[in-house]
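Data block below; observations after.
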Amino acid sequence: NATSQIVVYVNGKEVIERQPDPETTLLYFLRNKLHLTGSKLGCGEGGCGACTVMVSSYNREEDVIRHVAVNACLTPLCSVAGMAITTVEGIGSTRTSLHPVQERIAKAHGSQCGFCTPGFVMSMYTLLRNNPTPSEEEIEAAFEGNLCRCTGYRSILEGYKTFAKGCCKKGKTCCQNEQNTDNEQGSPQLFDASEFTPLDPSQEPIFPPALQV
Ligand code: FES
Ligand code: FES
């Protein structure tokens with residue numbers, strides 16, 4: 001009967017889970033049942049952000065769609081029934097094309113071992129879905145739940161701050177490069193922002209109409 005199954009959309013595709021186990025986490029479901037292993041199991045207790053995915057839901061009373069970055073390791077599968085899940089596989093890949101959020105962390109050298117990268121990508125992606133022109137402070141705040149043990153964060157933050165409102169690096173080489181190749185701390189520039197694909201928010205997947213009820 002209808003109570004013994006739940007429906008979620010994962011990367012735009014309907015998934016029906018019959019007799020869902022209330023103890024199954026969203027991360028376990030994604031990795032072990034759907035074989036979407038881009039989302040990583042780091043700590044398993046909400047501390048590292050490697051498992052971050054975007055959960056989108058429709059609020060009928062306010063007639064709005066909300067996008068939230070969640071730790072899939074802490075999220076019971078049953079709690080996202082009727083919602084749309086977007087994982088790192090759902091936004092782009094090297095086989096098709098990279099999403100600007102994926103491209104910029106790579107070109108800015110913000111990925112070393114890569115274990116944390118899907119989590120950073122999905123935190124940044126969720127922020128941009130809610131606000132395509134965030135401030136630098138909003139970008140920093142979006143990563144409060146993401147840990148990286150390799151990069152020291154500078155490359156991740158500098159790459160992603162190119163999405164910030166008013167960033168001089170948008171679509172052209174940073175103005176700091178005009179005089180010399182060092183930034184204000186005297187460190188060499190990590191990347192050439194003119195190589196970055198611009199973000200086009202109109203190209204994002206739509207919320208599944210079947211869930212907009
Ligand atoms: Fe570390 Fe989920 S695996 S927060
Ligand atoms: Fe290794 Fe972030 S790149 S943990």
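Both ligands and their constituent atoms are indexed starting at 1 by order of listing. Numbers here are sequence positions counted from 1.
- Side-chain rings of His99 and Tyr125 approach one another, their centers coming within less than 6.0 Å.
- Side-chain atoms of His109 and Ser155 form no donor-acceptor pair, as typed in the model, at a separation below 3.5 Å.
- A donor-acceptor contact shorter than 3.5 Å is absent between the side chain of Arg60 and the backbone of Gln212.
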Inset, instruction - Please lay out, stage by stage, how Lys33 and Glu17 fare under the test salt bridge (charged side-chain N to carboxylate O under 4.0 Å, His left out). - result: CA-CA 10 Å; Lys33 291 212 160 174; Glu17 176 71 351; 2.9 Å; yes
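- Near atom 2 (Fe) of ligand 1, less than 2.8 Å away, sit the protein N, O or S atoms Cys51 SG, Cys73 SG.
- Side chains of Gln112 and Thr151: a donor-acceptor N/O pair is absent below 3.5 angstrom, by distance only.
- Near atom 1 (Fe) of ligand 2, less than 2.8 Å away, sit the protein N, O or S atoms Cys113 SG, Cys150 SG.
- Across Arg31 and Thr37, no two heavy atoms sit closer than the pair NH1-O, 3.0 Å.
- Residues passing the salt bridge (charged side-chain N to carboxylate O under 4.0 Å, His left out) test with Lys13, sequence neighbours excluded: none.
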Show me the donor-acceptor pairs, under 3.5 Å and distance only, between side chains in residues 116-123 and residues at least two apart or in other chains.
from, atom 1, to, atom 2, distance (Å)
Thr117, OG1, Ser111, OG, 2.8
Thr117, OG1, Gly114, O, 3.3
Ser123, OG, Gly119, O, 3.2
Ser123, OG, Asn146, OD1, 2.8

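- For an aromatic pair to be called close, the ring centres must be under 6.0 Å apart, and Phe191 with Phe196 satisfies this.
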